[in-house]
Protein chains: 2
Amino acid sequence: MNTSKKMETLKSYIESKGLKSTAQRDYIADTFFKSNTHISLEELLKKVKRKTPNIGYATVYRTMKLLTEGGLAISRQFGDGQTRYENLPEYGHHDHIICVKCSKIAEFQNQKIEELQSETAKKLGFTVINHKLELYGYCSGCA
Amino acid sequence: MNTSKKMETLKSYIESKGLKSTAQRDYIADTFFKSNTHISLEELLKKVKRKTPNIGYATVYRTMKLLTEGGLAISRQFGDGQTRYENLPEYGHHDHIICVKCSKIAEFQNQKIEELQSETAKKLGFTVINHKLELYGYCSGCA
DNA sequence: TGTTATTATGATAATAACTTTCATTTTCAA
DNA sequence: TTGAAAATGAAAGTTATTATCATAATAACA
């Protein structure tokens with residue numbers, strides 16, 4: 001999903017919840033949608049403050065909570081003590097492979113793995129709606 | 001790996017690091033090894049205090065840190081704001097499927113998925129040493 | 001276009017989990 | 001046994017997250 005489509009989706013979500021639209025929230029969301037990293041609140045706040053220095057941490061926090069609830073962001077914990085937010089990808093789903101030495105994060109997709117997951121879940125009586133797959137290892141530079 | 005084997009491994013690890021063995025640490029480790037849940041520090045402390053009420057949070061914390069460093073425990077974050085510790089399984093590796101409604105956690109193994117992971121990683125120049133796979137969905141009771 | 005009820009904001013305080021500090025106790029090699 | 005080094009427990013310090021509250025902004029409607 002691209003950025004403008006995400007902004008539209010957000011607008012619908014806000015309307016459906018009876019909330020009000022604000023410039024701050026729009027700008028935070030837009031900034032997040034345009035970031036391509038696994039961004040933390042602190043990092044996002046920093047980005048946002050470049051153009052609008054008077055925006056507060058709490059507003060960024062609440063916006064990301066809203067986006068997460070609305071399915072436009074995915075909150076994740078990679079183990080560094082901070083919650084990081086992931087953007088919905090343009091197309092399809094991806095997983096992560098993380099270097100335990102230099103913390104480099106690469107992304108990948110594998111349709112076959114996804115199929116096997118659904119199958120396995122079904123056997124256990126579960127219906128899968130989402131998943132997280134993280135591989136940990138050494139990247140080419142750190143091997 | 002069974003509990004007594006784990007205690008032995010711990011002993012070797014402690015020796016190799018030039019540390020000293022203590023009754024508290026042994027008891028905490030043993031209690032952890034015998035727990036079969038994804039236990040938090042608070043929960044483990046509670047268990048431990050039943051027999052040895054004067055043990056402190058910090059000691060449990062330090063023991064779990066040690067076990068994690070020694071590869072005898074795996075620290076995980078399922079998103080409830082607490083670090084949880086997982087026991088090494090008796091045999092092989094397992095993954096998790098978590099019900100988003102009732103938080104029930106089931107475990108599963110799938111050799112084929114593991115193979116595909118290694119393959120995929122290799123293509124990206126990574127060598128996998130560990131992984132986390134979590135499926136989220138509805139269990140049979142919550143569907 | 002005002003009015004007004006409701007929501008949002010930003011600053012700050014509170015919370016919760018994790019980590020460190022420090023005085024004291026315990027361990028263990030010589 | 002003794003003494004250097006490590007461990008413990010209580011408490012204090014950190015850090016990220018969440019809540020509070022006074023004020024400002026929004027939007028439905030007369």
Side-chain angles (χ1 to χ4, degrees), chain A residues 10-32 38-70 73-86, chain B residues 10-32 38-70 73-86:
Chain A
L10 175 58
K11 202 179 165 189
S12 308
Y13 183 73
I14 284 171
E15 271 172 25
S16 77
K17 291 277 178 182
L19 307 179
K20 293 171 180 174
S21 72
T22 68
Q24 289 97 324
R25 188 157 54 198
D26 284 353
Y27 185 61
I28 293 166
D30 188 68
T31 304
F32 169 69
H38 302 90
I39 204 166
S40 67
L41 285 184
E42 212 62 61
E43 289 161 356
L44 183 55
L45 177 65
K46 210 169 154 190
K47 274 200 183 194
V48 164
K49 270 183 178 277
R50 280 183 206 146
K51 282 214 174 170
T52 55
N54 55 329
I55 248 170
Y57 179 96
T59 303
V60 177
Y61 164 74
R62 286 182 287 229
T63 299
M64 291 314 298
K65 193 177 175 190
L66 188 73
L67 294 186
T68 302
E69 286 165 0
I74 299 165
S75 85
R76 320 207 34 162
Q77 297 180 265
F78 288 103
D80 64 345
Q82 277 193 310
T83 299
R84 292 178 173 278
Y85 295 87
E86 185 175 324
Chain B
L10 175 58
K11 202 178 165 187
S12 309
Y13 182 73
I14 283 172
E15 271 172 26
S16 78
K17 291 276 178 183
L19 307 179
K20 293 171 180 175
S21 73
T22 68
Q24 288 97 325
R25 187 156 55 197
D26 285 355
Y27 185 61
I28 293 166
D30 187 69
T31 304
F32 169 69
H38 302 90
I39 202 165
S40 68
L41 286 184
E42 212 62 62
E43 289 162 356
L44 184 55
L45 178 64
K46 210 169 154 190
K47 273 199 182 192
V48 163
K49 271 185 178 272
R50 281 181 206 147
K51 280 215 173 168
T52 56
N54 55 329
I55 246 168
Y57 179 94
T59 303
V60 176
Y61 163 73
R62 286 183 287 230
T63 299
M64 291 316 297
K65 193 177 175 189
L66 188 73
L67 293 186
T68 302
E69 285 164 3
I74 299 165
S75 85
R76 319 203 37 157
Q77 297 180 267
F78 289 104
D80 64 346
Q82 278 193 307
T83 298
R84 292 178 173 279
Y85 295 88
E86 186 176 323

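Small disclaimer: the values here were computed from a predicted structure and weren't measured. Throughout, a chain's letter reflects where its sequence line sits, starting with A, and its residues are numbered from 1.
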### Task
Would you state whether a donor and an acceptor, one from the side chain of B:R62 and one from the base of C:dT21, lie under 3.5 Å apart?
yes
### Message
Any N or O donor-acceptor pair under 3.5 Å from the base of D:dA25 to the side chain of A:K20?
### Response
no
Just to confirm, is there a sub-4.0 Å distance from OP1 or OP2 of [N] to any side-chain nitrogen or oxygen of [X]?
X: A:Y57; N: D:dT17; value: yes
X: B:T59; N: D:dG9; value: yes
X: A:Y61; N: D:dT18; value: yes
X: B:S21; N: C:dT27; value: no
X: B:T83; N: C:dA17; value: no
X: A:T22; N: C:dT9; value: yes

Return the value, rounded to whole Å, for the distance between atom [atom1] of [X] and atom [atom2] of [N].
X: A:L45; N: D:dA16; atom1: CG; atom2: C1'; result: 13 Å
X: A:D80; N: C:dT19; atom1: CG; atom2: C1'; result: 16 Å
X: B:K49; N: D:dT8; atom1: NZ; atom2: P; result: 14 Å
X: B:L19; N: C:dT27; atom1: CG; atom2: P; result: 14 Å
X: A:M64; N: C:dT9; atom1: CE; atom2: C1'; result: 18 Å
X: B:R25; N: C:dT27; atom1: CZ; atom2: C1'; result: 11 Å
X: B:D26; N: C:dT26; atom1: CG; atom2: C1'; result: 13 Å
X: B:K65; N: C:dT19; atom1: NZ; atom2: P; result: 7 Å

#### Entry: Step-by-step side-chain contact (heavy atoms from CB on, under 4.5 Å) determination, A:L45 to A:E42
CA-CA 5 Å; A:L45 177 65; A:E42 212 62 61; 4.1 Å; yes
### Task
Would you indicate whether B:K49, at its atom NZ, is surrounded by more than 12 heavy atoms from other residues, nucleotides or ligands within a distance under 6.0 Å?
yes
### Task
Before giving the answer on side-chain contact (heavy atoms from CB on, under 4.5 Å), spell out for B:L44 and B:T31 the whole-Å C-alpha distance, their side-chain angles and the decisive distance to 0.1 Å.
CA-CA 8 Å; B:L44 184 55; B:T31 304; 3.9 Å; yes
### Worked check of side-chain contact (heavy atoms from CB on, under 4.5 Å) between B:I14 and B:R25
CA-CA 11 Å; B:I14 283 172; B:R25 187 156 55 197; 3.8 Å; yes
### Query
Taking the nucleotide of DNA chain C with the closest heavy atom to each, which residue, B:Q82 or B:A23, is nearer the 5' end?
B:Q82
### Message
Let me spell it out: for each of A:G56 and B:A58, pick the nucleotide of DNA chain C with the closest heavy atom. Which residue's pick is nearer the 5' end?
### Response
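Nearest-nucleotide comparison on DNA chain C picks A:G56.
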Return a table of donor-acceptor pairs under 3.5 angstrom between the side chains of residues 52-69 of chain B and protein atoms on other chains or two or more places apart.
from: B:T52; atom 1: OG1; to: B:V48; atom 2: O; distance (Å): 3.0
from: B:R62; atom 1: NE; to: B:A58; atom 2: O; distance (Å): 3.4
from: B:T63; atom 1: OG1; to: B:T59; atom 2: O; distance (Å): 2.8
from: B:T68; atom 1: OG1; to: B:M64; atom 2: O; distance (Å): 2.7

